[in-house]
Amino acid sequence: RQMCIRDRRRVRGNPESNPMLDAKSRDESPVAKLFISGACAWVFEMAGGHYLNILKIAKQTSGGKSYPQLHRQFIGQKGIPAIWDGFLPWGSVMAFFKGSIFGSAHVGARNLLDLSLIHI
């Protein structure tokens, strides 16, 4: 007989031997996840995500230039700092909040799902 995941988690062992059965041991802090995921998104954006987004927007508005042409144009005009052009302050703030929102929503949804799987 095949059991669904919810039944398997409820039947196997006790909360001391199986952390999936103890909802409190699985809970993550939404506040901690907010800061961790915000910092991860900020690092990604600073490492190149922001520049890729700028290239994408320039491609959409350039009228047919290729990505390599746009890259050469940006670097030719502003040098290497073109990679972070516009990142401070608003690109930085947006990156942190974008990551924070997704991280908090993830942990909140996961905690709710774990509770519903355990107590049904």
From [atom1] ([X]) to [atom2] ([Y]), nearest 0.5 Å:
X   : Y    : atom1 : atom2 : value
N53 : F87  : CG    : CZ    : 11.5 Å
I36 : S104 : CD1   : OG    : 10.5 Å
L70 : I75  : CG    : CD1   : 11.5 Å

- Message: Among residues at least two apart in sequence or on other chains, which ones pass salt bridge (Lys or Arg N to Asp or Glu O under 4.0 Å) with K56?
- Response: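 Partners of K56 under the salt bridge (Lys or Arg N to Asp or Glu O under 4.0 Å) test: none.
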- Task: Please name all residues satisfying side-chain hydrogen bond (donor to acceptor under 3.5 Å, both in side chains) with S92, sequence neighbours left out, ordered by chain then number.
- Result: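 S92 satisfies side-chain hydrogen bond (donor to acceptor under 3.5 Å, both in side chains) with W42 only.
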- Query: Partners of K78 by side-chain hydrogen bond (donor to acceptor under 3.5 Å, both in side chains), sequence neighbours excluded?
  - Reply: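 With sequence neighbours excluded, K78 shows a side-chain hydrogen bond (donor to acceptor under 3.5 Å, both in side chains) to D85, given in chain and number order.
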- Would you please name every residue forming a ring-ring contact (aromatic ring centres under 6.0 Å, His included) with F96, sequence neighbours left out?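 Expected list: none.
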- Would F102 end up clustered with M94 when hydrophobic side chains under 4.5 Å apart are linked, directly or stepwise?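 Each belongs to a different hydrophobic cluster.
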- Message: Is there a continuous path of hydrophobic side-chain contacts, each under 4.5 Å between heavy atoms, that joins M46 to I80?
- Response: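 In one cluster: yes.
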- Task: Could I get the full list of side-chain contact (heavy atoms from CB on, under 4.5 Å) partners for V31, not counting sequence neighbours?
- Result: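 Result, side-chain contact (heavy atoms from CB on, under 4.5 Å) vs V31: S29, F35.
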- Not counting sequence neighbours, which residues clear side-chain contact (heavy atoms from CB on, under 4.5 Å) with S66? List them please.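 Partners of S66 by the side-chain contact (heavy atoms from CB on, under 4.5 Å) criterion, ordered by chain and then number, come out as P68, Q69.
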- Item | Test item: K59 and K65 side chains (from C-beta on) under 4.5 Å apart, heavy atoms | no
- Task: Would you list the pairs meeting ring pair (Phe, Tyr, Trp, His ring centres under 6.0 Å) in which at least one residue belongs to residues 54-74, sequence neighbours left out?
- Result: Y51-H71
- Item | E45 side chain vs H50 backbone, donor-acceptor pair below 3.5 Å |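 The answer is yes, because a donor-acceptor pair under 3.5 Å joins these two groups.
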